[in-house]
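Everything on this sheet refers to the single structure shown next.
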Amino acid sequence: MDTAGAPRVLVIGLDPYRVPGPWDPAPAAEAIEEGLAEFAEHGVGVRTCLIGLDGSDDVASAVGQALRAHTWECVTVGGGLRHSDDQAELLEQVVNLIRRLAPGAAIAFNTTPATTYKAAARWIE
């Protein structure tokens with residue numbers, strides 16, 4: 001979703017359907033959608049860049065393309081990238097891409113998908 005003239009927020013996170021493991025990704029995907037709906041309620045444009053951990057993504061390319069798509073007021077990095085010691089290198093890669101390709105954007109961190117708008121709003125309102 002993108003709202004004309006509104007602040008633009010990019011949300012970078014993990015695609016729950018492409019995270020390996022014996023788990024049901026549907027609740028996480030639903031939570032992400034619910035969290036994103038709050039942006040529309042506030043008239044704020046948002047896009048997502050959800051990456052997989054299944055090896056199907058060239059992370060630098062996918063995140064780089066998303067970061068180059070617009071001038072972002074804020075880039076929110078999801079908790080799935082931050083809450084796992086196994087993802088430290090991936091988190092570093094994402095943060096450094098943001099620094100390099102969207103140097104004017106604030107960087108925000110949500111605690112859950114439900115707090116994604118709240119995290120971005122700290123920097124855009």
Side-chain angles (χ1 to χ4, degrees):
M1 142 192 1
D2 204 7
T3 306
R8 291 197 175 129
V9 176
L10 177 65
V11 177
I12 301 173
L14 297 180
D15 181 340
Y17 290 102
R18 296 186 297 137
V19 173
W23 75 301
D24 180 6
E30 290 168 12
I32 291 168
E33 286 303 315
E34 289 172 12
L36 294 175
E38 196 170 353
F39 285 86
E41 293 169 15
H42 290 89
V44 175
V46 64
R47 295 263 174 103
T48 60
C49 176
L50 300 180
I51 53 179
L53 294 180
D54 59 2
S56 64
D57 282 324
D58 175 337
V59 174
S61 176
V63 173
Q65 184 176 8
L67 288 166
R68 288 183 192 99
H70 294 286
T71 299
W72 304 104
E73 281 76 25
C74 181
V75 178
T76 301
V77 179
L81 290 171
R82 299 187 328 274
H83 294 172
S84 172
D85 292 341
D86 295 342
Q87 303 310 322
E89 288 181 28
L90 179 59
L91 175 61
E92 288 174 354
Q93 183 180 19
V94 167
V95 169
N96 280 299
L97 284 165
I98 296 167
R99 277 184 53 250
R100 219 177 32 193
L101 300 175
I107 300 173
F109 301 112
N110 63 3
T111 54
T112 68
T115 64
T116 303
Y117 173 77
K118 184 178 178 181
R122 289 191 295 262
W123 298 101
I124 61 172
E125 291 190 347

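This is a predicted model, so every value here is computed, not measured.
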Just to verify, what does [X] make a side chain to side chain donor-acceptor pair (under 3.5 Å) with, not counting sequence neighbours?
| X | result |
| --- | --- |
| Thr48 | none |
| Thr116 | Asn110 |
| Thr111 | Thr115 |

request  = With sequence neighbours excluded, tell me which residues meet side-chain contact (heavy atoms from CB on, under 4.5 Å) with Ala66.
outcome  =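 Once residues adjacent in sequence are excluded, the partners of Ala66 under the side-chain contact (heavy atoms from CB on, under 4.5 Å) criterion are Leu10, Cys49.
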inquiry  = Among residues at least two apart in sequence or on other chains, which ones pass ring-ring contact (aromatic ring centres under 6.0 Å, His included) with His83?
reply    =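 His83 satisfies ring-ring contact (aromatic ring centres under 6.0 Å, His included) with no other residue.
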key: Trp123 (side chain) donor-acceptor with Ala108 (main chain) under 3.5 angstrom   =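 Side chain of Trp123 to backbone of Ala108: no pair is present.
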Under 3.5 Å donor-acceptor pairs involving side-chain atoms of residues 89-104, not counting sequence neighbours:
{"residue": "Asn96", "atom": "OD1", "partner": "Arg99", "partner atom": "NH1", "Å": "2.8"}
{"residue": "Asn96", "atom": "ND2", "partner": "Glu92", "partner atom": "O", "Å": "2.9"}

task = Under the salt bridge (charged side-chain N to carboxylate O under 4.0 Å, His left out) rule, collect the residues that match up with Asp54, sequence neighbours excluded.
result =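 In terms of salt bridge (charged side-chain N to carboxylate O under 4.0 Å, His left out), with neighbours along the sequence ignored, Asp54 is linked to no residue.
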message = I want to check something: taking the side chain as every heavy atom from C-beta on, are Arg82 and Gln87 in contact at a cut-off of under 4.5 Å?
response =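 No, every pair of side-chain atoms sits at 4.5 Å or beyond.
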ask   = Does a side-chain heavy-atom distance below 4.5 Å link Leu81 with Leu14?
value =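 Yes, their side chains come closer than 4.5 Å.
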For residues 20-40, dump all side-chain donor-acceptor pairs below 3.5 Å to protein atoms at least two apart in sequence or in another chain.
{"residue": "Trp23", "atom": "NE1", "partner": "Val19", "partner atom": "O", "Å": "3.0"}
{"residue": "Asp24", "atom": "OD1", "partner": "Ala26", "partner atom": "N", "Å": "3.1"}

query = For the side chain to side chain contact (heavy atoms under 4.5 Å, CB included) test, which of Leu50, Val59, Val63 pairs with Ile12?
reply =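 Only one of Leu50, Val59, Val63 forms a side chain to side chain contact (heavy atoms under 4.5 Å, CB included) with Ile12, namely Val63.
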ask   = Considering all heavy atoms of both residues, which atom of Glu73 and which atom of Ile124 are nearest to each other, and what is their separation?
value =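 For Glu73 versus Ile124, the nearest heavy atoms are CB-CG2, 3.9 Å.
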inquiry  = For a quick check under 3.5 Å, do Thr71 and Arg8 share a side-chain donor-acceptor pair by atom type?
reply    =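 Judged by distance alone, the side chains do not pair up.
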